[in-house]
Amino acid sequence: MSATPNVETNELPHRYTAAYANAVEVKWQESLRWPDGKGYGYRQPNPGEAGFDASKPKFYCLDMFPYPSGAGLHVGHPEGYTATDIICRYKKLKGFNVLHPMGWDAFGLPAEQYAIQTGVHPEVTTKKAIDNFRRQLQRFGFMYDWSREFATIDPDYYRWTQWIWLLAYESWFDPSVRKARAISELAARFARENAEIAVAASGAAKKWSDCTRREQQAHLDTFRLAYLGTQTVNWCPKLGTVLANEEIIDGRSERGGHPVKRMPLKQWMFRITSYADRLLEDLALVDWPEMTRTLQTEWIGRSEGAEIRFAVEGDGEPLSVFTTRPDTLFGATYMVVAPEHPLVARAISRGNSGKLAEYVSWAKNRSDIDRQASKEKTGCATGLFAINPATGARIPVWTADYVLMGYGTGAIMAVPAHDERDFEFAKAFALPIVQVVEIDGVAFTGEAATAGEGRAVNSANAATVSINGLTTADAKKTVIAWLEKQGIGALRVNYRLRDWLFSRQRYWGEPFPIVYDADGNHYPVSVASLPLTLPPLADYSPVESDVPQPPLAKAREWTHTTAGAAGVDPALLPANTPVVRETNTMPGWAGSCWYYLRYCSPKDSSHFVSPEAERYWMLSRKKSVADAPAPTSYDAATCPAGGVDLYVGGSEHAVLHLLYARFWHKMLFDLGHVSTPEPMGKLFHQGLITSYAYQRADKTLVPNDQVEERGEGNFVETATGAKVAQIVAKMSKSLKNVVNPDDVIAEYGADTFRLYEMYMGPLEASKPWNTRDIVGVFRFLQRAWRLAVDERTGELLCAASADPKIEKLLHRTIHKVGEDIERLSFNTAIAAMIELLNAATRPTGMTDPAQGGMTRDQLERFARILWPFAPHFADELGSKLGVKGGLNGGFYASAWPSHDAALLVDDEVEMPVQIQGKIKARLMVPTKADAAAVEALALAHADVIAAIAGRPVKKVVVVPGRMVNIVV
RNA sequence: GCCGGUGUGGCGGAACUGGCAGACGCAGCGGAUUCAAAAUCCGCCGCCCCCUAAAGGCUUGCAGGUUCGAUUCCUGUCACCGGCACCA
């Protein structure tokens with residue numbers, strides 16, 4: 001369109017060109033802009049506010065909020081946002097109160113790194129990026145209620161993030177009722193029962209009443225949901241930062257090649273493992289993609305088995321292992337512990353052999369990449385021996401890096417006959433292999449492990465137990481019962497999920513509201529003193545140091561304060577006590593764990609979310625009982641478990657973000673702060689928008705600006721003239737195939753952009769951006785405009801009377817578009833509207849426009865179903881049609897058009913007649929005709945008689961309205 | 001290696017519950033309009049056989065199976081994409 005000569009524009013001033021579209025879009029956006037200038041268009045009042053209609057049902061639709069990067073929006077952002085905008089506008093027309101908010105996930109590393117380089121405060125760069133994102137999103141015309149906007153970096157917001165963290169700090173998980181409770185209840189119980197507790201310092205048990213206050217606190221600390229734990233981290237003294245495993249190569253930092261020390265660090269943790277079972281079970285309550293639920297299930301990694309304690313000769317402590325196959329205990333011929341296991345250190349300190357120490361230091365420094373590159377078993381005997389409690393045999397204890405310290409107890413009993421890894425290890429080090437399971441149809445040859453279930457063999461000892469002949473399931477039960485009787489083991493459930501490390505040695509995150517006294521005891525900052533705001537720093541660069549020092553440690557005036565100034569409750573610590581603030585900050589996940597709740601009442605200054613607003617937006621009735629009065633509390637039988645009705649975002653957040661948010665939500669639910677057990681009801685992942693890229697014969701990629709098309713589908717590298725293949729690839733700067741939304745809007749307008757992204761294909765599919773195709777939907781809008789508006793005068797062009805065929809098709813289109821929106825099938829909805837337009841388009845030669853097109857009333861209904869997709873276009877057309885603006889103008893206050901179900905069916909349908917499954921004839925039959933009548937009509941058809949050619953008819957299958965199949 | 005997903009014209013895709021494969025759009029071809037071009041409107045457009053047409057045959061990655069009938073269900077297999085990676 002940019003090639004259209006100016007002459008044309010002058011002759012046809014009301015043609016729907018890119019410039020016209022842009023002007024119309026900006027005009028509508030500005031006409032609806034609020035006096036404060038911050039947003040425009042639509043506000044959804046809360047219960048109790050002016051303009052709130054309590055008679056309407058609620059629809060809470062949420063987009064995963066973006067991290068506002070300096071680069072601005074890319075075309076992937078508007079894909080999900082357009083989809084939710086369409087649904088929300090549709091739901092609005094269908095009579096719902098719609099909550100559709102937007103905000104910013106604004107703490108994060110890029111702004112901090114920029115600050116390190118330039119000294120500019122991250123807040124400055126972040127706010128600038130937010131302003132740019134907001135401008136771009138508003139240009140798309142998304143129907144967000146901008147009055148609810150906030151960023152995770154706003155002290156008014158992170159005040160409540162800190163508040164929730166304090167709540168976790170003040171809570172524990174009571175396994176007897178499987179829920180969180182206030183820690184004060186636990187303290188009261190200890191006092192009431194005067195329980196004996198283990199005192200950390202001495203290890204001895206002591207009565208509660210005999211403990212000092214400090215001893216009591218220390219004991220309670222072991223129960224808190226937010227607790228201080230010791231974790232081994234990769235500290236790089238030169239970079240002054242903690243590195244992730246993948247940032248380390250051969251014990252040195254990927255960046256700069258500096259040495260990295262593995263060292264223990266006290267950090268704040270969340271006891272998410274307490275919630276493992278509920279996080280697992282409640283996946284059944286939500287409407288989420290199967291893939292996402294599977295990922296979460298595997299991440300939690302629940303497995304049932306037994307813990308077995310083996311006595312170790314000459315070592316005071318029994319060696320505890322976890323196994324899922326206690327039935328194979330008789331086949332355990334050796335033990336393996338992780339190199340980090342404390343038993344190994346004890347073995348070394350006993351000076352057994354230099355080889356062991358050498359292996360351990362080698363294994364510990366082996367990078368993850370090295371470990372993954374080769375599955376070859378390495379290991380070293382510790383010189384220690386354990387006793388197999390079932391056989392009484394003396395079995396060697398080895399250490400090997402195939403046993404992971406982080407899983408189970410960091411030690412295994414090795415059953416080489418029935419575990420592939422143990423088998424390989426036994427072969428490599430010539431350890432004995434004993435068969436104890438016989439599997440039907442699988443011979444045990446000693447050449448490979450047999451890992452399945454079967455019946456136990458060789459599994460009896462003289463005195464106490466025999467499981468020979470039992471199935472694996474029965475054998476497990478028998479062995480566990482025996483272990484329990486002997487007091488050396490028990491049934492145990494193990495998880496892959498580990499507690500959540502919540503501390504980061506960074507500046508740009510939420511500070512922890514906690515202080516330490518001179519002895520290192522921690523005290524919470526009182527809720528009344530929140531928010532605890534981040535102090536500005538002169539220099540954001542990390543501190544070079546052998547001991548981890550987060551950037552906040554530099555703010556000495558801020559960190560060194562008194563209990564009173566920090567806001568610690570004087571009952572806990574006298575006000576004049578000198579204290580030091582926590583200098584770690586919270587990770588990026590913190591703010592995104594509960595933002596959906598804050599949107600319900602973003603301005604509430606006395607609650608993290610107003611209880612009334614939370615109840616209205618999060619709690620509802622299931623569709624089957626939608627008529628019942630609004631619920632006041634959660635009822636599993638009649639209420640959906642998830643509060644947000646539709647959550648749309650990328651599948652890259654399928655595990656961590658969604659698991660962490662669920663954990664916080666359940667904790668809040670247990671403590672009575674939210675109404676539902678799950679945060680998100682229906683979850684949807686939009687697909688990735690990819691781009692074309694070009695590949696040389698040797699599979700290397702060529703940037704797009706170095707490729708030209710010579711002839712249809714024939715791409716060559718400009719410099720060499722060599723042929724390159726067009727492939728689909730992720731958009732990347734280096735390939736020069738990134739599409740900038742601003743450019744596309746300038747060239748076609750936001751409505752065309754929105755339509756194109758929805759028309760590309762199914763929302764969940766990954767699909768390539770093809771610039772050439774955009775013109776298709778642009779032409780659709782142009783043709784729709786031309787159908788209704790005289791391009792020279794701007795006057796309406798309406799049909800004088802309704803064509804019944806068009807009227808019928810319009811009803812069908814209204815029906816189909818509504819259905820397709822409900823099932824998020826936007827591409828087919830748009831195709832249906834194009835079909836309607838194709839049918840209504842006037843032929844060139846028609847001199848009187850009133851003879852064709854659509855009537856004013858039909859155009860208005862057409863504009864209304866188009867409105868969710870192309871709102872500016874539809875509203876502009878609506879204003880020409882004389883639609884009176886509602887409260888907010890345009891179609892916003894309007895309703896979805898109705899359709900007449902009777903018009904959805906034809907009187908007659910064409911049915912194909914197949915003979916042996918091949919179509920031989922077509923016949924028109926009345927829609928109401930029954931199978932017998934259709935069969936008679938089909939058999940009487942001349943073409944059918946010819947095709948049968950006198951052969952006897954064996955069978956006739958009639959599917960009314962579909963087809964007839966004759967078998968001869 | 002394991003788990004999951006996807007394979008349909010030149011391209012993006014449609015076919016929702018086992019019932020007319022290829023809706024709709026792009027690209028392409030032809031026509032009308034025009035002094036001409038652009039724009040617009042109309043028509044054609046899976047592949048093979050064929051001068052053409054009629055007729056016929058083939059076709060949803062590949063090979064089988066179930067069924068009157070399979071893009072759809074089952075078995076095997078190949079390719080691509082995503083996730084996980086010694087989890088005891």
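Chain naming here is simple, since letters A, B, ... match the order of the sequence lines and numbering starts at 1 in each.
Across all strands, A/M963 comes closer than 4.0 Å to base atoms (heavy-atom distances). Among the protein residues, A/K377 comes within range of the nucleic acid bases, having at least one heavy atom under 4.0 Å from a base atom. At the heavy-atom level, A/S303 lies under 4.0 Å from the strands shown only through sugar-phosphate atoms. Counting any heavy atom pair closer than 4.0 Å across all strands shown, A/E910 reaches a base atom. Counting non-hydrogen atoms under 4.0 angstrom, A/K918 reaches the backbone sugars and phosphates but no base. Residue A/V957 is classed as a base contact, given a heavy-atom separation below 4.0 Å to a base. At the heavy-atom level, A/Y495 lies nowhere under 4.0 Å from the strands shown.
Nucleotides B/rC26 and B/rA21 are separated by 26 Å at their P atoms, to the nearest Å. Of the P atoms belonging to B/rC29 and B/rC84, the separation is 47 Å, rounded to the nearest Å. Of the P atoms belonging to B/rC73 and B/rC80, the separation is 24 Å, rounded to the nearest Å. A gap of 28 Å separates the C1' atoms of B/rC78 and B/rG69, to the nearest Å. For the C1' atom pair drawn from B/rC51 and B/rA36, the interatomic distance equals 36 Å after rounding to whole Å. A distance of about 8 Å separates the P atoms of B/rG61 and B/rG9, rounded to the whole Å. Of the P atoms belonging to B/rC81 and B/rU71, the separation is 27 Å, rounded to the nearest Å. Rounded to a whole angstrom, the distance from the C1' atom of B/rG22 to that of B/rC44 is 16 Å.
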Requested in this report: Using the side-chain hydrogen bond (donor to acceptor under 3.5 Å, both in side chains) rule, take A/Y407 and A/S303 through it: C-alpha gap first, then chi angles, then the decisive distance, then the call.
Outcome: CA-CA 11 Å; A/Y407 185 79; A/S303 58; 3.2 Å; yes
**Report entry** Worked check of side-chain hydrogen bond (donor to acceptor under 3.5 Å, both in side chains) between A/H14 and A/T793
**Finding:** CA-CA 7 Å; A/H14 294 273; A/T793 64; over 6 Å; no
Query raised in the report: How far apart are the C-alpha atoms of A/H418 and A/T450, what are their side-chain angles, what is the distance that settles it, and do they pass the side-chain hydrogen bond (donor to acceptor under 3.5 Å, both in side chains) test?
Result: CA-CA 5 Å; A/H418 307 293; A/T450 56; 3.1 Å; yes
Query - Worked verdict on A/E304 versus A/T324 for side chain to side chain contact (heavy atoms under 4.5 Å, CB included) - result: CA-CA 6 Å; A/E304 272 182 29; A/T324 55; over 6 Å; no
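Pairing partner, B/rC80: B/rG5, with both Watson-Crick or wobble hydrogen-bond distances short of 3.5 Å. Under the Watson-Crick and G-U wobble criteria, each requiring two contacts below 3.5 Å, nucleotide B/rG30 is paired to B/rC42. Pair check for B/rG18 finds none; no Watson-Crick or G-U wobble contact set falls under 3.5 Å. Using the Watson-Crick or G-U wobble rule with both distances under 3.5 Å, B/rU67 pairs with nothing in any strand shown. Of all nucleotides present, only B/rC11 satisfies the Watson-Crick or G-U wobble test against B/rG25, with each distance under 3.5 Å.
Of the candidate nucleotides B/rC87, B/rC68, B/rU40, B/rC68 has the atom nearest to the side chain of A/V967. With B/rA14, B/rA21, B/rC24 as the choices, the nucleotide that has an atom nearest any side-chain atom of A/P762 turns out to be B/rA14. Out of B/rC3, B/rC86, B/rG56, the shortest distance to the side chain of A/L404 is found at B/rC86. Closest to the A/R15 side chain, of the nucleotides B/rA88, B/rA14, B/rA39, is B/rA39. Side chain of A/V403, nearest nucleotide from B/rG83, B/rA88, B/rA23: B/rA88. The side chain of A/I412 lies closest to B/rA88 when the candidates are B/rC16, B/rA27, B/rA88. Distances were taken from every side-chain heavy atom of A/R421 (C-beta onward) to each of B/rG13, B/rC16, B/rC86; the shortest belongs to B/rC86.
Between A/F425 and A/Y402, the ring centre distance stays below 6.0 Å. Aromatic rings from A/W785 and A/F778 are positioned such that their centres are separated by 6.0 Å or more.
For A/D773 against B/rC26, a side-chain-to-base donor-acceptor contact under 3.5 Å is absent. Looking at A/R922, its side chain comes within 3.5 Å of the base of B/rC20 through a donor and an acceptor atom.
Rounded to an integer number of Å, the gap from OH of A/Y402 to P of B/rC86 is 13 Å. For A/Q695 and B/rC80, the CD to P distance is 11 Å, given to the nearest whole Å. A/Y692 places its OH atom 11 Å from the C1' atom of B/rA27, with the value rounded to the nearest Å. Look at CZ on A/F826: it is 20 Å from P on B/rG25, rounded to the nearest Å. Distance, A/L656 CG to B/rG83 P: 13 Å, rounded to whole Å. The distance from atom CH2 of A/W769 to atom P of B/rG13 is 14 Å, rounded to the nearest whole Å. Between the P atom of B/rA88 and the CG atom of A/D327 lies a distance of 14 Å, rounded to the nearest Å.
Between A/E424 and A/R421, no side-chain nitrogen of the basic residue sits less than 4.0 Å from a carboxylate oxygen of the acidic one, so the salt-bridge criterion is not met. Taking the charged nitrogens against the carboxylate oxygens, A/E79 and A/K767 do have a contact shorter than 4.0 Å, which makes a salt bridge. Using a cutoff of 4.0 Å between basic side-chain nitrogens and carboxylate oxygens, A/D906 and A/R812 are scored as salt-bridged.
Defined by atom type and a distance below 3.5 Å, a donor-acceptor pair is missing between the side-chain atoms of A/T294 and A/T297. In summary, the side chains of A/E307 and A/S320 do present a donor paired with an acceptor at a separation below 3.5 Å, with no hydrogens or angles considered.
For the pair A/K955 and B/rC68, the criterion of a side-chain N or O lying under 4.0 Å from OP1 or OP2 is met. Dashed line: the shortest gap from a side-chain N or O of A/R779 to OP1 or OP2 of B/rA27 is under 4.0 Å. A close approach under 4.0 Å does occur between a side-chain nitrogen or oxygen of A/Y407 and OP1 or OP2 of B/rA88. Distances shown here put a side-chain N or O of A/N827 below 4.0 Å from the OP1 or OP2 atom of B/rA14.
One finds the CG atom of A/D930 at 10.0 Å from the CD atom of A/E935 (value rounded to the nearest 0.5 Å).
With RNA chain B read from its 5' end, the first of the two nearest nucleotides for A/V964 and A/T409 is the one closest to A/V964. Position along RNA chain B of the nearest nucleotide to A/Q914 versus A/I966 favours A/Q914 as the more 5'-ward residue.
Not counting sequence neighbours, the partners of A/Y694 by the side-chain hydrogen bond (donor to acceptor under 3.5 Å, both in side chains) test are A/Q726.
Residues of residues 832-841 of chain A having a heavy atom closer than 4.0 Å to RNA chain B, listed by number: A/I834, A/E835, A/N838. Of the residues in residues 783-793 of chain A, A/R783, A/R786 come within less than 4.0 Å of RNA chain B through at least one heavy atom, sorted by number.
Taking the O4'-C1'-N9-C4 or O4'-C1'-N1-C2 dihedral as appropriate, B/rG22 has a value more than 90° from 0 and is therefore anti.
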